[in-house]
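Contents: one structure, followed by commentary.
Just so we're on the same page: letters track the sequence lines, and every chain starts at 1. Note: hydrogens, waters and symmetry copies are ignored here, and every other heavy atom, side chains too, is used. Not measured: the values here are computed from a predicted model.
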Protein chains: 2
Amino acid sequence: MEVNARKPKSQHARQKILSAASKLFLKGGVEALNVRAIAKQAGLSTIGIYSHFQGKQGILDTLYIEGFEHVHTAARVAKPAQREDVLTAIKAYLRIAEEYEAHYRLIFGEVDAAYVPSTQAQAAREKAFASLLGLAEAYLPNDATAQEKRSFALDIWSLVHGYVSLAHHGLRDDSQVSRWQRQVLRAVNVYLDGHAAQQSKPD
Amino acid sequence: MEVNARKPKSQHARQKILSAASKLFLKGGVEALNVRAIAKQAGLSTIGIYSHFQGKQGILDTLYIEGFEHVHTAARVAKPAQREDVLTAIKAYLRIAEEYEAHYRLIFGEVDAAYVPSTQAQAAREKAFASLLGLAEAYLPNDATAQEKRSFALDIWSLVHGYVSLAHHGLRDDSQVSRWQRQVLRAVNVYLDGHAAQQSKPD
DNA sequence: TTCTATTTTATAACAATGTTATGTATAAAC
DNA sequence: GTTTATACATAACATTGTTATAAAATAGAA
């Protein structure tokens, strides 16, 4: 009676644990993620977290990777990109920051000062940044240097992430999310205006 | 033999505890702040943390207030302010973010997801933001609306804080602090160019 | 100064949470 | 089928914030 024989039974446990952790995380953030709660939600004991994920760190790393994968997805654009495409990517980014708030807080360290992402988790971050570089490449002129692309990507990311972070820490008044997003997009437009003015007058 | 009779004796203990906590915090960040370590550093038992500070939360709140007081100090400028003055304030902000990194991480939540600043601590944040509004007011034309000032302050703060936050989370390559700071200032200049262009063409 | 009330204090115990240890069960390899 | 490796439940451990208890110290009133 081996039903679903393609996946070893232990992978069922791994999936159960990850599914339980994700459910708790999406609903209650990282505070809801303690090994006893995860084990209970999965209908198992805590030891599986250690055998399958090497402990709580492994759970957090998995979620961290998911978080940056969302960022990666949002930032991807096709070449060439106009201003509207940049703004569309930023809207997607902001949507993810809202919809996956727990992930967002995890990837930007609002978790526990002791959490240090694993090497693999850090690779997910690099991949997400690479997609932002892709956005810069698609938007900037073909003769833009690597340094210019990098600077552009960092500028945009700083501005947008800065807004998200300030919102997380009490600097957003009671305005609606959509209004805050319009603020972000307006700020990015101001930046893009300044950037365009620089491009049109070579030093 | 009441030497230093102006300060009740219990205030000596309070000061000892705060001094011990600050010393640990500045050196080891929030991870170094556990009640047993603080008590040991102060040469007392842990109970004083509860009677004088109502627990660890009180210690964190006190340090959080210090953090935003540093921000407040950096952002203060005299009226009227030119671009150079804005850049000077940003440099001061970046210096503080570097020199008081533990404070900076505390005020932006890189501590423990369960830490929620007290009402008094949140007031320190509002005061710091008020000084950024003052910066906006000093820089913008006299007929700028409150909304314009607020937007400007948030834009600048988002951009600068965004850069600091990205640096905290692995997005700063191995470049020197001063080079990163030049990046921030360049980005702010791009933004200010865009902003100036908007000011000179009313919609 | 004495007495009373309040606050502070050291110490032990408790609660929560990540982790490890132990022995058993299951899965994989031969 | 036997042996080896992995997964598992459970209990115990280690750490850290907090509370409980009793005693000491301080502050305020008479």
Phosphate OP1/OP2 of C:dT19: any A:T46 side-chain N/O under 4.0 Å: no
Worked verdict on B:Y115 versus B:D61 for side-chain hydrogen bond (donor to acceptor under 3.5 Å, both in side chains): CA-CA 9 Å; B:Y115 172 64; B:D61 284 336; 2.6 Å; yes
Within 6.0 angstrom of B:D173 CG, more than 12 heavy atoms from elsewhere: yes
5' priority, DNA chain C, between A:E31 and A:I47 [closest heavy atom]: A:E31
Distance in angstrom units between A:I38 CD1 and C:dA16 C1', rounded: 15 Å
Centroid separation A:H72 to A:F129 less than 6.0 Å: no
Distance in angstrom units between A:Q54 CD and C:dG18 P, rounded: 16 Å
Protein-nucleotide distance (A:I49, atom CD1; D:dT10, atom P), rounded to Å: 14 Å
Spacing of B:N34 atom CG relative to C:dT17 atom P, expressed in whole Å: 18 Å
Shortest side-chain distance from A:V35, nucleotide among D:dG17, C:dG18, C:dT11: C:dG18
Between D:dC13 (C1') and A:Y50 (OH): distance, integer Å: 12 Å
Short side-chain N/O contact from A:S45 to OP1 or OP2 of D:dA9, under 4.0 Å: yes
Touch class at under 4.0 angstrom, heavy-atom based, for A:L60 against every strand present: nothing
NZ or CZ of B:R83 within 45° of B:Y139 ring axis and under 6.0 Å: no
Spacing of A:R36 atom CZ relative to C:dG18 atom C1', expressed in whole Å: 7 Å
Whole-Å gap separating C1' (C:dT11) and NZ (B:K40): 17 Å
side-chain N/O A:H52 vs D:dT6 OP1/OP2, d < 4.0 Å: no
Interatomic distance, B:I96 atom CD1 to B:Y104 atom OH [nearest 0.5 angstrom]: 10.5 Å
d(NE2, B:H12; C1', C:dT8) in whole Å: 14 Å
